[in-house]
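Report on the structure given below.
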Amino acid sequence: MSVQKPSIPKGTRDFTPAEMVRRNYIFNTVRAVFEIFGYLPIETPAMENLSTLMGKYGEEGDKLLFKILNSGNYLEGIPDIGYQMTDDSNSGSGIRHQTSEIGALTRHISEKGLRYDLTVPFARFVVQHQSELVFPFKRYQIQPVWRADRPQKGRYREFFQCDVDVIGSPSLLYELELIQIIDEVFSRLGIETTTLINNRKILAGIAEAIGAPEKMTDITVAIDKIDKIGLENVCLELKERGLSDTAISSLQPVLLMEGKINQKTDLLGDLLKNSETGMKGIEELKHLCRLLKDLDLRNKWTFDVRLARGLNYYTGTIIEVKANEVSMGSICGGGRYDDLTGIFGLPGVSGVGISFGADRIYDVMNELNRFPDTIQHTTKVLFANFGAEEESFALKLLSIIRLEGIPSEIYPESSKLKKQLEYASRKQIPFVALIGKDEMGSGMVTVKDMNSGEQSQVSREEFIRRLKNS
RNA sequence: GUGGUCGUAGCUCAGCUGGUUAGAGCGUCAGAUUGUGGCUCUGAAGGCCGUGGGUUCGAGCCCCAUCUUCCACCCCA
């Protein structure tokens with residue numbers, strides 16, 4: 001039998017201890033901030049029923065769901081409608097026929113999927129547990145999610161999201177709170193960020209105002225690209241998406257909008273004066289900006305009409321955070337969703353939340369070298385092993401040291417000292433305790449400082465004190 | 001889903017227009033040095049050249065497929 005080379009699925013990663021220490025630093029920081037703002041943790045299963053997940057993330061999102069094959073004889077009971085690939089892929093109708101067959105087959109053989117984000121499972125959770133919860137319900141959730149995307153820079157198929165949401169209140173105070181959380185998290189992590197803020201109602205209003213309310217998604221997707229492809233190409237794309245020339249030209253002032261937030265909102269107010277939704281959006285945005293101005297946030301924030309956000313459950317404020325010093329997709333994003341629980345039978349409940357992308361934050365911090373050195377905690381002291389007698393003597397002291405809360409270990413066999421010291425050196429253990437016959441007699445401990453190479457004989461008390469102070 | 005890209009020792013890579021037995025550095029292990037790590041020296045182990053087909057007298061090298069890596073688009077954390 002030949003050995004097979006081990007591997008892990010595309011877009012997934014193993015994490016070494018060195019990486020985990022850094023990842024935990026991010027998780028701990030995020031968690032600590034969430035908790036001082038009064039949020040409590042929940043967890044939900046890795047898998048959800050597909051009926052819970054499907055249709056919540058738009059057409060694209062549905063395609064990116066990892067589906068789980070039913071257990072047992074999953075082919076049982078499939079109606080005989082012929083799931084063979086027909087070879088008429090050059091005819092348009094043939095392709096449609098095939099995809100609908102695949103869809104039908106999928107529904108038969110798969111009823112569960114891996115979660116795509118934490119927001120939709122959260123909405124499901126709220127509906128199921130509504131009788132036990134106190135509203136507004138504030139929770140945080142740090143768990144992995146899975147997307148069948150093509151991996152690339154900052155994009156994985158398995159990654160951790162750190163979500164904070166509050167559900168059961170339409171108050172803009174919560175939008176404010178979330179932006180404060182963003183500011184606090186990134187200040188603590190030492191990343192300079194810019195928080196982009198927009199409002200779906202404004203986008204809807206714009207679509208309405210230029211006479212194409214049903215084209216809101218097309219419009220937002222196109223104008224989001226203006227920095228990337230330029231004004232002319234954006235106009236071209238809008239035309240391809242079926243917008244009239246008059247509609248496109250009336251969009252121009254919005255696209256080219258510059259200046260202070262007030263100037264932008266004034267201009268938009270003029271354009272959207274006949275759209276009730278649009279005016280509501282502007283009102284919300286102005287209110288939020290007024291609240292934000294009174295706080296001294298350390299990181300930048302700004303209003304950006306071009307911010308779109310694809311997840312189609314958002315209905316109000318939308319937020320996205322970018323790192324200023326590196327090129328990376330957004331490292332945090334979210335917004336308000338007015339009726340996510342409605343689909344699950346609990347209508348009229350507004351929620352707002354954001355999600356920190358732990359893996360991208362990790363990549364950003366790594367690139368910028370922002371991890372403090374102090375987080376590398378490892379064993380503090382290694383007890384050298386000189387043989388059976390010395391070993392049992394050392395084990396007793398080791399127990400005492402551990403009771404003092406000092407991470408410590410003993411070398412497993414009485415190998416050459418050279419080897420034992422090499423082990424300590426490679427593991428970056430700062431101290432080695434040498435207890436041989438002499439030390440056993442005198443009751444002292446020989447401590448070697450691995451950084452300086454110096455060693456000295458000290459009493460047990462002094463030994464413990466030194467380890468604690470280092 | 002679309003387009004490109006990478007894959008040779010544990011790691012980073014070299015390997016000429018296809019030609020004997022596939023190399024280097026680092027790392028690993030052993031020794032020089034039996035209670036003292038990092039430096040140095042000596043030696044050793046380690047490879048179905050991502051996988052499967054094909055072309056050829058002959059393939060690490062050419063062709064096809066497939067998987068994987070990285071990147072861009074789409075979309076997103």
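Numbered from 1 within each chain, the chains take letters A, B, ... in sequence-line order.
Not a single donor-acceptor pair, N or O on each side, falls under 3.5 Å between the base of rC76(B) and the side chain of Arg150(A).
Residue Phe159(A) and nucleotide rA77(B) are classified as a stacked aromatic pair, their ring centres being separated by less than 5.5 Å at an interplanar angle below 30°.
The side chain of Lys10(A) places an N or O atom within less than 4.0 Å of a non-bridging phosphate oxygen (OP1 or OP2) of rU68(B). Taking only side-chain nitrogens and oxygens, Gln152(A) comes nearer than 4.0 Å to OP1 or OP2 of rA72(B). Contact annotation: Lys419(A) side-chain N/O to rC29(B) OP1/OP2 distance is not under 4.0 Å.
With C1' as the reference atom, rA77(B) and rA65(B) are 34 Å apart, rounded to whole Å. When the C1' atom is used for both rG25(B) and rU33(B), the distance is 26 Å, rounded to whole Å. With both ends at atom P, the span from rG15(B) to rA9(B) equals 15 Å, rounded to whole Å. Spacing between rU21(B) and rC49(B) at atom P, rounded to whole Å, works out to 14 Å. To the nearest whole angstrom, the two P atoms, one in rG38(B) and one in rA30(B), are 13 Å apart. Between the C1' atoms of rU2(B) and rG60(B), the separation comes to 31 Å (whole Å). For the C1' atom pair drawn from rG10(B) and rG52(B), the interatomic distance equals 26 Å after rounding to whole Å. The same atom, C1', is picked in rA59(B) and in rU51(B); the two are 16 Å apart, to the nearest Å.
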| task | Report the C-alpha separation of Phe125(A) and Arg139(A) in whole Å, then their side-chain angles, then the decisive distance to 0.1 Å, and conclude whether the side-chain contact (heavy atoms from CB on, under 4.5 Å) test is met. | result | CA-CA 11 Å; Phe125(A) 174 96; Arg139(A) 75 86 232 230; over 6 Å; no

| task | For the pair Phe371(A) and Tyr362(A), evaluate ring-ring contact (aromatic ring centres under 6.0 Å, His included) and give the outcome as yes or no after the intermediate values. | result | CA-CA 9 Å; Phe371(A) 287 105; Tyr362(A) 179 93; 5.5 Å; yes

| said: The test is side chain to side chain donor-acceptor pair (under 3.5 Å); show your working for Thr317(A) and Glu284(A) and say whether it passes. | reply: CA-CA 8 Å; Thr317(A) 306; Glu284(A) 286 179 11; 4.5 Å; no

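Comparing Leu421(A) and Gly11(A) against RNA chain B, the residue whose closest nucleotide sits nearer the 5' end is Leu421(A). Two residues, Ser327(A) and Gln161(A), neighbour RNA chain B, and the one matched to the more 5' nucleotide by heavy-atom proximity is Ser327(A).
The side chain of Val221(A) lies closest to rC75(B) when the candidates are rC75(B), rA72(B), rA77(B). In the set rU69(B), rC75(B), rU36(B), rU36(B) carries the atom at the smallest distance from any side-chain atom of Leu417(A). Nearest to the side chain of Lys416(A), among rG35(B), rC73(B), rG31(B), sits rG31(B). If you check rU69(B), rG35(B), rG3(B) against the side chain of Phe386(A), the one that comes closest is rG35(B).
Side chains of Thr446(A) and Gln455(A): a donor-acceptor N/O pair is absent below 3.5 angstrom, by distance only. Side-chain contact check for Asn385(A) and Ser414(A): no donor-acceptor pair (N or O, by modelled atom type) lies under 3.5 Å. In the model, Glu184(A) has no side-chain atom that pairs as donor or acceptor with a side-chain atom of Ser187(A) under 3.5 Å. One side chain, Asp165(A) or Tyr337(A), offers a donor N or O that lies under 3.5 Å from an acceptor on the other.
The salt bridge (charged side-chain N to carboxylate O under 4.0 Å, His left out) analysis of residues 311-321 of chain A, with sequence neighbours excluded, yields the pairs Arg309(A)-Glu320(A). Applying the ring-ring contact (aromatic ring centres under 6.0 Å, His included) test to residues at least two apart or on different chains, the pairs with a partner in residues 179-203 of chain A are Phe186(A)-Phe356(A). For the salt bridge (charged side-chain N to carboxylate O under 4.0 Å, His left out) condition, the pairs that include at least one residue of residues 31-57 of chain A, sequence neighbours left out, are Glu48(A)-Arg124(A). Applying the ring-ring contact (aromatic ring centres under 6.0 Å, His included) test to residues at least two apart or on different chains, the pairs with a partner in residues 418-457 of chain A are Tyr411(A)-Tyr423(A).
The residue Ile331(A) sits close only to the backbone: its heavy atoms come under 4.0 Å of sugar-phosphate atoms, none of a base. Backbone-only contact: Lys225(A) has heavy atoms under 4.0 Å from sugar-phosphate atoms and none from a base. Residue-level contact check: Gly154(A) touches the bases, meaning some heavy atom is under 4.0 Å from a base atom. As judged by a 4.0 angstrom heavy-atom cut-off over every strand, Cys332(A) is placed among residues touching the sugar-phosphate backbone only.
Residues from residues 422-439 of chain A placing a heavy atom under 4.0 Å of any atom in RNA chain B, listed by number, are Glu422(A), Ser425(A), Arg426(A), Leu434(A), Gly436(A), Lys437(A), Glu439(A). For the segment residues 448-465 of chain A, the set of residues with a heavy atom within less than 4.0 Å of an atom of RNA chain B comprises Lys448(A), Met450(A), Gly453(A), Gln455(A), in numerical order.
If you measure from atom CD of Glu391(A) to atom P of rG35(B), you get 16 Å, rounded to the nearest angstrom.
Tyr174(A) has its ring centre no less than 6.0 Å from the ring centre of Phe37(A).
Thr29(A) is linked by a side chain to side chain contact (heavy atoms under 4.5 Å, CB included) to Tyr25(A), Arg188(A), Leu189(A), counting only residues two or more places apart in sequence or in another chain. Partners of Ala424(A) under the side chain to side chain contact (heavy atoms under 4.5 Å, CB included) rule, at least two apart in sequence or in another chain, are Leu382(A), Ile429(A), Val432(A), Met450(A). For Gln152(A), the side chain to side chain contact (heavy atoms under 4.5 Å, CB included) partners at least two apart in sequence or on another chain are Arg155(A). The side chain to side chain contact (heavy atoms under 4.5 Å, CB included) check on Val326(A) picks up Ala323(A), Met328(A), Val364(A), Glu367(A), Leu368(A), with sequence neighbours excluded.
Taking a pair as Watson-Crick or G-U with both hydrogen-bonding distances under 3.5 Å, the stems of three or more pairs touching RNA chain B are B:1-4 with B:70-73, B:10-13 with B:23-26, B:28-32 with B:40-44, B:50-54 with B:62-66.
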Considering only nitrogen or oxygen atoms on both sides, find all protein atoms under 3.5 Å from nucleotides 43-46 of chain B and state each distance.
none

